[in-house]
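Written below as structure tokens is the structure these notes are about.
Keep in mind that the numbers below use all heavy atoms, side chains included, and drop hydrogens, waters and symmetry copies. Letters A, B, ... mirror the listed sequences (proteins, then strands); counts begin at 1.
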There are 2 protein chains.
Amino acid sequence: MEYKIKSRIWIEVDGEILLGEGRVQLLKAIAETGSLTKAAASLSMSYKKAWSLVDAVNTRAKKPVVNTSIGGTKGGGTELTEYGRTLIKIFDNLNENCWTFLDEQLANSEL
Amino acid sequence: MEYKIKSRIWIEVDGEILLGEGRVQLLKAIAETGSLTKAAASLSMSYKKAWSLVDAVNTRAKKPVVNTSIGGTKGGGTELTEYGRTLIKIFDNLNENCWTFLDEQLANSEL
DNA sequence: AACCGTTATGTAATTGTAAATATAACGAGA
DNA sequence: TCTCGTTATATTTACAATTACATAACGGTT
């Protein structure tokens, strides 16, 4: 029966969510599959939800996070931009730093 | 169009939530009103939800967080224990430290 | 031209969560 | 003993968020 401290972080723009853990997970799945449809399926998420999440990230970010293409042999696809990849890296870094910081804080508080 | 980092922290026991921002807010309202009914109303929360939140906190914490009484002239009431008050203080402290830490982290990441 | 898998978008259905409602018990005081 | 405001709990109702379904457009390939 030990107390554990948890946290979630997210980045906002104009009071609206730009990027959180769920969106980062989705972007990672897009990077792996090259397809929004497959990424959504791999996370057991509806395509519509996945699309609206990616759309929100893409329109709010300072630069596009994904490139999409429609049609062609493979039907099209979605790929991360370089900016999208750095965004993910920075987010993951912030998140891990936050976790270790909070663990230290809790340990020092003697709850 | 500036990026801002936000966070929520909470404390878990055995994988279940013990205390988060909402529960702390509720405990503070109880401290002010001396009544779970009034505390719930002051937060526009249903009594049932308020009760189940307080009950969860009370049963999972290492020591009781509130004392309740039923009946009597005033009908009864709910008051914080000393342990409940220190729990709130520590939580608020952790939370503020987390915010300033993350702000620093974001500033250093040059997003 | 026809096909196929994908993006993109609207609408209907569902379902899980929260609120509303109802009811009982309690106990000091009038 | 009756009242009153509170805690405590179950059941029903309502709503909002999510999913499911449907449809169109696209563009290489065959």
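Annotation: cation-pi pair K62(A)/Y83(A) absent, no NZ/CZ under 6.0 Å from the ring centroid and within 45° of its normal.
Salt-bridge annotation for R60(B) and D55(B): absent, with no side-chain N of the basic residue lying under 4.0 Å from a carboxylate O of the acidic one.
Side-chain contact between L27(A) and L80(A) is present, with at least one heavy-atom pair separated by less than 4.5 Å. Side-chain contact between W10(B) and E12(B): present, with at least one pair of heavy atoms (C-beta onward) separated by less than 4.5 Å.
Following rounding to the nearest Å, K49(B) (NZ) and dA19(C) (P) show an atom-to-atom distance of 5 Å. Residue Y47(B) contributes atom OH, which lies 10 Å from atom P of dT6(D) at whole-angstrom precision. In this structure, L43(B) atom CG and dA19(C) atom P are separated by 11 Å, rounded to whole Å.
Non-hydrogen atoms lying under 4.0 Å from DNA chain C are contributed by T68(A), S69(A), I70(A), G71(A), K74(A), all within residues 53-74 of chain A.
Between T37(B) and dG5(D), a side-chain N or O to OP1/OP2 separation shorter than 4.0 Å is absent. Listed pair W51(B) / dT7(D) fails the phosphate criterion, with no side-chain N or O lying under 4.0 Å from OP1 or OP2. Proximity of K48(B) to the phosphate of dT21(C): no side-chain N or O atom is located under 4.0 Å from OP1 or OP2.
Exactly one of T68(B), T78(B), T37(B), L36(B) qualifies for a side-chain contact (heavy atoms from CB on, under 4.5 Å) with W51(B). That residue is L36(B). With I9(B) as reference, N95(B) is the one residue of N95(B), L19(B), N97(B) to meet the side-chain contact (heavy atoms from CB on, under 4.5 Å) rule.
When the nearest nucleotides of DNA chain C are assigned to S35(A) and G75(B) by heavy-atom distance, the more 5′-ward of the two goes with S35(A).
When the nucleotides dT9(D), dT6(D), dT6(C) are ranked by their closest atom to the side chain of K38(A), dT6(C) comes out on top.
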